[in-house]
Amino acid sequence: MRRADFHYELPPELIAQAPLPARSGSRLLALDGASGQLDDHVFTDLPSLLRPGDLLVFNDTRVVAARLFGNKDSGGRVEVFLERPIGPQRALVQLRASKAIREGMVINTDGGTVTVIARDSGYEDGNLWEIQTPSEVLPFFEAHGATPLPPYITRAADSSDIERYQSIFARVPGAVAAPTASLHFDPELVARIDAAGVARSQVTLHVGAGTFQPLRVQNICEHVMHAERFEVSPGLVSAVAKCRAVGGRVIAVGTTVARALESAAASTQASGRLAPCSGETRLFITPGYAFRVVDALLTNFHLPESTLLMLVSAFAGREQVLAAYAHAVRQRYRFFSYGDAMFITAAPGACA
C-alpha cells in the first residue's frame, strides 16, 4: 500500500488548539467495524458502549517538559527537544538552530551548560544528537523545560497545558507526547466506569518525538518505525487473562496501548500467549496485521498519512475508517491531541 492511500482532507480550523473546559466534554464517534455503522455520541456516553467484564487498558506514561531553549556562545538561539535519556546525564535529542549543529557545541541554558557530543548515526532519520546535561536528564528537563505541545498546535504552551496535556493516569516519567486518548477521562467518568463492572489496568509506553515524524517514503512497507520503550507488567497480563475468562473485551485506550500490547504478544509468538515484556518496540501495524490482544480501540483522530491512522485502518478497515473521518469532518468534530475521540470495534478478520 502507498502513503497516499491514507490521505484525507482536513480543514485547518478543525485542528483543536486548546482543550475543552472539561476533560470529558469531548464528542465520541462510535464505529462498528463489523458493519461500518457510525453513531455520534458525547464522551460521557462511553459507559453505555462498554460491558461488564470488559478491560480498559491505559498508558500510565507521564509527559516530561521536553522542550528546552538555550543559546550558543555566539548568542544564536537553540531549541533542544528531548527524545529519551540514555544515561544519567546523557540523552538523545532533536536540535534546531539557525546555523548547522556541530559536535562539541555548547548550549547555555537556565539550568547550566548542555554539550553536544555527537550525531546519533543509528537513528533512522539521522536527526538525533547525543548531549550531556549538567545534571540528571529528566529532573533537568522538568526543572527548565516547557510542555512539548505537538507541532500542529500553533500557540505557545501555557500554564494550563501543564495539567491538561497530562492524563490523570500519568505515573511514569518518560514521554515527550501525551497518550491523548486518555486525556478525556476525569475522576467522575472513571467512577461511573468502575460502577459498571468494567476493569482497568495500565501499560507503559513512552511516546517519542518520532510519533510526529511524517512518512518519507511512498511505499509504506519501506518505512522504519521509531523505537519507543514499553513495559507490559505481570499484573496487566493477569488482568487480560481474567478478562478473557469472563468473556470480556480488551479495550486499548489509545494507539500507544495497542502497540505495547501487540508488541508483547509478538515477542511470545511461539506460545501465542501474552506474557510480561519490556524493551523497545518498532512495531509498525498496517492493514493485514492480525491483532492478538486488542478487541476494541478508543482513540483520537490522527493526521493524514500517519502511521497511527494506518494502525486504526488495520483494526477497522481502511475504507471504513476513511469514511468515518469524512463523517467527522462533515459533523465538525475536533481533531488531534486536544480533539474528540472514536470508539472502534474490529473489522472481520482484523483479530487473530
Side-chain angles (χ1 to χ4, degrees), residues 23 55-68 81-93 128 133 135-150 157 161-187 190 193 199-212 225-240 250-265 267 274-283 293-294 298-300 308 337:
R23 283 185 180 271
L55 173 67
L56 286 174
V57 184
F58 295 89
N59 188 352
D60 66 3
T61 188
R62 185 171 184 83
V63 179
V64 299
R67 179 168 280 117
L68 178 73
F81 194 94
L82 177 67
E83 169 65 25
R84 62 184 180 272
I86 57 174
Q89 291 179 243
R90 294 291 180 97
L92 293 180
V93 300
L128 290 187
T133 53
S135 56
E136 189 177 350
V137 171
L138 288 182
F140 170 72
F141 274 88
E142 289 283 50
H144 305 288
T147 302
L149 292 181
D161 296 304
I162 296 173
E163 176 195 1
R164 293 300 300 276
Y165 197 61
Q166 199 84 263
S167 85
I168 65 172
F169 309 100
R171 182 178 62 88
V172 186
V176 302
T180 56
S182 60
L183 297 182
H184 302 282
F185 289 82
D186 56 29
V190 170
I193 290 169
R200 292 185 284 118
S201 191
Q202 296 83 36
V203 69
T204 303
L205 185 142
H206 294 310
V207 189
T211 194
F212 299 119
M225 283 288 286
H226 58 286
E228 292 177 318
R229 293 169 294 141
F230 79 102
E231 180 178 1
V232 170
S233 69
L236 173 55
V237 172
S238 176
V240 169
V250 176
I251 302 170
V253 182
T255 55
T256 62
V257 171
R259 288 187 68 232
L261 290 172
E262 295 299 321
S263 294
S267 72
L274 183 67
C277 184
S278 64
E280 288 192 341
T281 179
R282 292 179 180 268
L283 180 63
V293 184
V294 178
L298 185 70
T299 184
N300 280 22
L308 303 183
S337 293

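These values consider heavy atoms only, across backbone and side chains, with no hydrogens, waters or symmetry-generated copies.
A pairwise comparison of heavy atoms in V250 and V293 identifies CB-O, 3.5 Å as the closest pair. In plain terms, the two heavy atoms of N59 and L205 that are nearest each other are ND2-O, 2.9 Å. The minimum heavy-atom distance linking V253 with F185 is given by the pair CG1-CE1, 3.8 Å. Here the shortest heavy-atom pairing between E280 and R84 reads OE2-NE, 3.6 Å. Residue R229 comes nearest to G174 through the heavy atom pair NH2-O, 3.7 Å, listed as atom of the first residue, atom of the second, then distance. A178 approaches Y165 most closely through the heavy-atom pair N-OH, 3.2 Å.
Going from atom CD1 of I251 over to atom CZ of F58 covers 9.5 Å, rounded to the nearest 0.5 Å. Within the model, atoms OG of S263 and CZ of F230 stand 5.0 Å from one another, a figure rounded to the nearest 0.5 Å. Taking CE of M225 as the start and CZ of R259 as the end, the distance is 3.5 Å to the nearest 0.5 Å. Note that CD of E142 and CD of E136 are 11.5 Å apart. Values are rounded to the nearest 0.5 Å. Within the model, atoms CZ of R67 and CG of L82 stand 11.5 Å from one another, a figure rounded to the nearest 0.5 Å. With rounding to the nearest 0.5 Å, the separation of OG1 in T61 from CD in Q202 is 12.5 Å.
Listed for the Q89 side chain is a donor-acceptor partner under 3.5 Å among the backbone atoms of T133. Under a 3.5 Å cut-off, the side chain of Q166 and the backbone N or O of V63 do form a donor-acceptor pair. Within the 3.5 Å criterion, the main-chain N or O of V294 finds a donor-acceptor partner in the side chain of E262.
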side-chain contact (heavy atoms from CB on, under 4.5 Å) for L261 and L236? Distances and angles first, verdict last. CA-CA 10 Å; L261 290 172; L236 173 55; 3.7 Å; yes
Going through the distances and angles, do T256 and E228 end up as a side-chain contact (heavy atoms from CB on, under 4.5 Å)? CA-CA 10 Å; T256 62; E228 292 177 318; 5.6 Å; no
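Side-chain contact between V237 and V232: present, with at least one pair of heavy atoms (C-beta onward) separated by less than 4.5 Å. Between S201 and L55 there is a side-chain heavy-atom pair separated by less than 4.5 Å. Residues H184 and N300 meet the side-chain proximity criterion, which asks for heavy atoms closer than 4.5 Å. Using a 4.5 Å heavy-atom threshold, the side chains of V93 and L68 count as separate.
The existence of a salt bridge linking D60 and R171 is confirmed by a sub-4.0 Å separation between a basic side-chain nitrogen and an acidic carboxylate oxygen.
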